[in-house]
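A quick write-up on the structure given underneath.
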Amino acid sequence: MLTIPPIPLHTLNDPELHAYGVQVLVKRDDLIHPQISGNKWRKLKYNLLQAQRQGYKTLLTFGGAYSNHILAVAAAGNLAGFRTIGIIRGEAHTPLNSTLQWATDHGMELHYTDRESYRHKNEPAFQQQLLEQYGDCYILPEGGSNAFAVQGCAEIIAELPAGYEYVATACGTGGTIAGLVAGLKGEKKALGFAALKGAQFLYDDVQALLHAYDTLPQAGSASQFTNWEIILDYHFGGYAKTKPELTNFVEGFIKRNTMLIEPVYTGKMFFGLYDLVRKGYFKRGETIVALHTGGLRNF
Ligand SMILES: *Cc1c(COP(=O)(O)O)cnc(C)c1O
């Protein structure tokens, strides 16, 4: 339903990395779709198959007014023939911002919820109320992160050739890194760079996602793996917050590598990765696969 083309690995030919004897390969999931974050596409793949198998006609999900996940659900639903409903945190603003306009243009119905109610979005009573309001829907959690999302992201590992020690990703809700951990099956190490401030909660959330994944029929015991770490120090003040240091890094990276990144997710990951290289986190001769999750909004 959601096809994923063959995704290349791009070697960063950066003298600074070479000086430390470290190789960084970029898995270009930003090439999965011109407007949708690649990891969101991967997280939706098995969810849409499940929704279709269970006969649902409508997808309902949650997000902030700038959510990449909202965009992905609108686009994927449009493509796969589902009606889509987005429950947006906060008040309606007119005109719509570019994210919400794009989602609307792709057929999503938007409904707004005050911040207090939004906090209850995962509770059964709140969701029951939504079903009564909007009819039978397949409910996707915020960020799309659930067991099926983990299954979709685990496939990234299966696409990688041997010969690396680490795989790195930016983290929001933790679904993507949970998939990498599941796919690694206890070998090598997954590094997640938190885009949010104070993201220690990710240790519990990723663990919960791995548990959920383990309940799927074909899954194993991913919740027992300990070869992963969340790097908490590169949030630059919080979600979507930035500092001149980060902005300068992102600009320089784009120029040196002729590859686009953005400051919300991938910029923080690459900044953190380079900083860890300089601090000697990696040994000479080691190879890191950095997942380019996308987030480039060319609209
Ligand atoms: C949503 C998003 C992430 C975070 O993914 P999680 O699975 O929520 O941790 C990372 N990068 C980009 C570009 C995203 O859009």
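All ligand and atom numbering here is 1-based and tracks the order in the structure. Computed over heavy atoms, backbone and side chain alike; hydrogens, waters and symmetry mates excluded.
- Scanning all protein heavy atoms for the shortest distance to atom 4 (C) of ligand 1 gives G172 N, 3.4 Å.
- A cation-pi arrangement is absent between K189 and Y281 under the rule of less than 6.0 angstrom and at most 45 degrees off the ring axis.
- The closest approach between a heavy atom of G294 and any atom of ligand 1 is below 4.0 Å.
- Checked against a 6.0 Å centroid threshold, the rings of F236 and F271 count as neighbours.
- Nearest protein heavy-atom neighbour of atom 2 (C) of ligand 1: K40 NZ, 2.3 Å.
- Here the heavy atom of the protein found nearest to atom 5 (O) of ligand 1 is N39 ND2, 2.9 Å.
- For a threshold of 3.5 Å applied to N or O pairs, the pair formed by T176 and ligand 1 contains at least one separation below that value.
- Under a 4.0 Å criterion applied to the non-hydrogen atoms of N68, ligand 1 contributes the atoms 14 (C), 15 (O).
- Residues in residues 18-28 take part in these side-chain hydrogen bond (donor to acceptor under 3.5 Å, both in side chains) pairs, two or more places apart or across chains: Q23-T287, K27-E159, R28-D30.
- With ligand atoms numbered from 1 in the order given, ligand 1 contributes 13 (C), 14 (C), 15 (O) to contacts under 4.0 Å with heavy atoms of S37.
- F225 has its side chain out of reach of L184: every pair of non-hydrogen atoms, C-beta onward, lies at least 4.5 Å apart.
- None of R119, H120, Q127 except one satisfies the side-chain hydrogen bond (donor to acceptor under 3.5 Å, both in side chains) rule with E123; the exception is H120.
- In terms of protein heavy atoms, atom 13 (C) of ligand 1 is closest to T293 OG1, 3.3 Å.
- For ligand 1, one of its N or O atoms has an N or O atom of G174 under 3.5 Å away.
- Close contacts of ligand 1 with C171, meaning ligand atoms under 4.0 Å from a residue heavy atom, involve 9 (O).
- Side chain to side chain, N39 and D29 fail the donor-acceptor criterion of an N or O pair below 3.5 Å.
- Looking at N68 and Y265, their side chains never bring a donor and an acceptor atom within 3.5 Å of each other.
- Near G295, meaning under 4.0 Å from one of its heavy atoms, ligand 1 places the atoms 13 (C).
- Annotation: atom 8 (O) of ligand 1 to nearest protein heavy atom, T173 OG1, 2.6 Å.
- One finds no salt bridge joining E262 and R297 here, because no Lys/Arg side-chain nitrogen approaches an Asp/Glu carboxylate oxygen to under 4.0 Å.
- Ranking the protein heavy atoms by distance from atom 6 (P) of ligand 1 puts K43 NZ, 3.4 Å first.
- The N/O atoms of A170, backbone and side chain alike, include none that comes under 3.5 Å of an N/O atom in ligand 1.
- Checked against side chain to side chain donor-acceptor pair (under 3.5 Å), E245 has no partners two or more places apart in sequence or in another chain.
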